[in-house]
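Heads up, the thing below is written out as structure tokens.
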Amino acid sequence: MDLKSLLMDRFGRDLKLAYSEPVPPLIGQILQRRTHRRYAARPVADDLIDLLIAAALSASAKSDFQQASIIKLMDPAKRKAIAAHFPSMPWIGTSPAFLVFCGDARRLERIGTMRIHPRRNGDLEAFLNATVDAALVMQTFILAAEEVGLGCCPISVIRNEMTTVARELSLPDGVFPVAGLCVGYPAAAGYISMRLPPVVTVHTDVYDDSNLEGEIDAYDRRRAARHVTPREAQRNPDKFGYADFYGWSEDKARQAAEPEGASFAAFVRAHGFCFEE
Ligand SMILES: Cc1cc2nc3c(=O)[nH]c(=O)nc-3n(C[C@H](O)[C@H](O)[C@H](O)COP(=O)(O)O)c2cc1C
């Protein structure tokens with residue numbers, strides 16, 4: 001596929017990039033990537049998962065501290081116990097494979113103790129470093145999985161049910177999920193989710209969002225032209241009413257207006273992170 005079409009699919013407009021060489025295959029693949037939530041019955045071989053994990057663990061790691069851990073969730077009873085909390089996301093219980101990517105501040109703390117340089121690893125820096133490491137490992141896994149024809153869906157909602165997740169996965173203090181990940185062979189082609197244009201997300205030399213409102217309005221229209229949200233799918237109409245034009249920004253503003261994550265914050269504060277020195 002030519003670059004112009006790839007960028008039209010991803011951004012909904014011609015970015016007019018000056019790049020004129022053929023698009024390298026991996027970059028073409030990334031430009032077309034998408035989340036998959038429905039999977040064929042075909043199982044995913046465990047040796048393939050292990051290969052993808054080895055690739056994922058090749059991601060960059062802050063200070064070489066390597067503060068990511070992956071839990072392969074193989075026990076159907078544990079999977080069921082977690083999935084039962086999320087009936088609106090049935091893919092959590094039904095994907096052929098499920099992994100949990102964790103930030104792991106515990107291992108570095110244990111290594112400090114082993115080498116007799118003990119130090120708590122529970123401040124904001126530790127939390128952020130471990131989170132970033134886990135996120136990079138997960139995204140590297142996703143790209144590797146997509147390269148072999150698999151589809152994935154990250155699952156951060158598991159963080160809303162930490163009592164169950166921590167119990168089922170025996171998570172010790174200092175280890176927390178960044179996200180679960182459904183993995184399987186896609187049941188359908190899926191679709192590319194249009195991204196904000198680089199004029200919004202890329203800045204040169206200095207941060208500048210002076211054109212944000214106009215650009216967001218234009219993005220909303222481009223997205224709606226490709227995929228209109230049906231009236232019945234508008235989020236929380238009891239609270240927000242029905243909008244005549246329901247674009248991405250209206251949907252995200254409504255979503256963000258509902259607080260999420262308070263229970264996770266309480267969990268990490270009680271399990272190894274004080275966010276202070
Ligand atoms: C950290 C993270 C957490 C996510 N959590 C969920 C989730 O709990 N449930 C879900 O269905 N999708 C989840 N997603 C998938 C996003 O909704 C998806 O990536 C986004 O809509 C963009 O679509 P795309 O990946 O197809 O481009 C998550 C994605 C990320 C990166």
Side-chain angles (χ1 to χ4, degrees), residues 1-40 42 44 52 55-56 59 88-92 94-97 99 101 135-157 178-202 212 214-235 245-256:
M1 220 170 158
D2 66 291
L3 181 59
K4 182 176 169 180
S5 317
L6 288 165
L7 296 173
M8 280 299 290
D9 283 354
R10 174 55 74 200
F11 296 100
R13 75 183 193 197
D14 184 1
L15 296 186
K16 298 197 170 72
L17 297 194
Y19 187 85
S20 58
E21 304 288 318
V23 182
L26 178 60
I27 294 178
Q29 166 95 14
I30 293 171
L31 282 167
Q32 294 176 86
R33 68 150 306 279
R34 64 204 69 179
T35 288
H36 285 279
R37 297 182 176 86
R38 293 196 306 115
Y39 309 96
R42 179 180 171 193
V44 183
L52 298 173
S88 68
M89 295 187 188
W91 45 92
I92 298 175
T94 58
S95 64
L99 307 172
F101 290 81
L136 292 176
V137 168
M138 181 176 75
Q139 184 61 39
T140 304
F141 183 99
I142 291 170
L143 294 179
E146 289 172 347
E147 175 66 19
V148 297
L150 289 163
C152 302
C153 181
I155 300 293
S156 57
V157 288
V178 170
L181 191 72
C182 298
V183 185
Y185 292 96
Y191 65 93
I192 292 176
S193 174
M194 194 187 291
R195 288 294 190 268
L196 290 166
V199 69
V200 169
T201 47
V202 182
L212 184 69
E215 289 293 344
I216 294 294
D217 284 342
Y219 173 70
D220 280 345
R221 303 277 165 196
R222 282 197 300 279
R223 263 184 91 123
R226 188 181 286 178
H227 173 74
V228 71
T229 305
R231 190 176 156 85
E232 63 274 14
Q234 293 192 14
R235 203 182 287 267
F245 175 73
Y246 190 85
W248 171 85
S249 61
E250 175 65 24
D251 185 59
K252 294 303 130 188
R254 289 185 182 196
Q255 185 176 2

Count the heavy atoms belonging to other residues, nucleotides or ligands that lie under 6.0 Å from [atom1] of [X], then report whether that count exceeds 12.
X    : atom1 : result
R34  : CZ    : yes
F245 : CZ    : yes
K4   : NZ    : no
R38  : CZ    : no

Measure the shortest side-chain to side-chain distance between [X] and [Y] over non-hydrogen atoms and say whether it is less than 4.5 angstrom.
X    : Y    : result
V200 : L212 : yes
V183 : F141 : yes
V157 : I92  : yes
R13  : M194 : no
R33  : L143 : yes
E250 : T229 : no
I142 : T35  : no
W248 : I216 : yes

task = Output the distance between atom CZ (R195) and atom CG (L7), rounded to the nearest 0.5 Å.
result =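 Atom-to-atom, R195:CZ and L7:CG are 13.5 Å apart.
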
task = Rounded to the nearest 0.5 Å, what's the gap from CD on E146 to SG on C152? Could you check?
result =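 Between E146 CD and C152 SG, I get 6.0 Å after rounding to 0.5 Å.
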
request  = Give a yes or no on whether the backbone of P90 and the side-chain of T94 come within a donor-acceptor separation of less than 3.5 Å.
outcome  = yes

ask   = Can you check whether S193's main-chain N or O pairs, donor with acceptor, with R10's side chain at less than 3.5 Å?
value =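 Present.
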
If you compare all heavy atoms of [X] against all heavy atoms of [Y], which two are closest, and at what distance to 0.1 Å?
X    : Y    : result
P154 : M138 : CB-CE, 3.9 Å
A55  : T140 : O-CG2, 3.6 Å
S156 : V178 : CB-O, 4.1 Å
I192 : D9   : CG2-O, 3.5 Å
Y39  : G151 : CE2-O, 3.5 Å
C153 : H36  : CB-O, 3.3 Å

query = Stepwise, does the side-chain contact (heavy atoms from CB on, under 4.5 Å) test hold for R254 with Q234?
reply = CA-CA 9 Å; R254 289 185 182 196; Q234 293 192 14; 4.0 Å; yes

query = Looking at R221, R223, E215, R222, which one forms a side chain to side chain donor-acceptor pair (under 3.5 Å) with Y219?
reply = R223

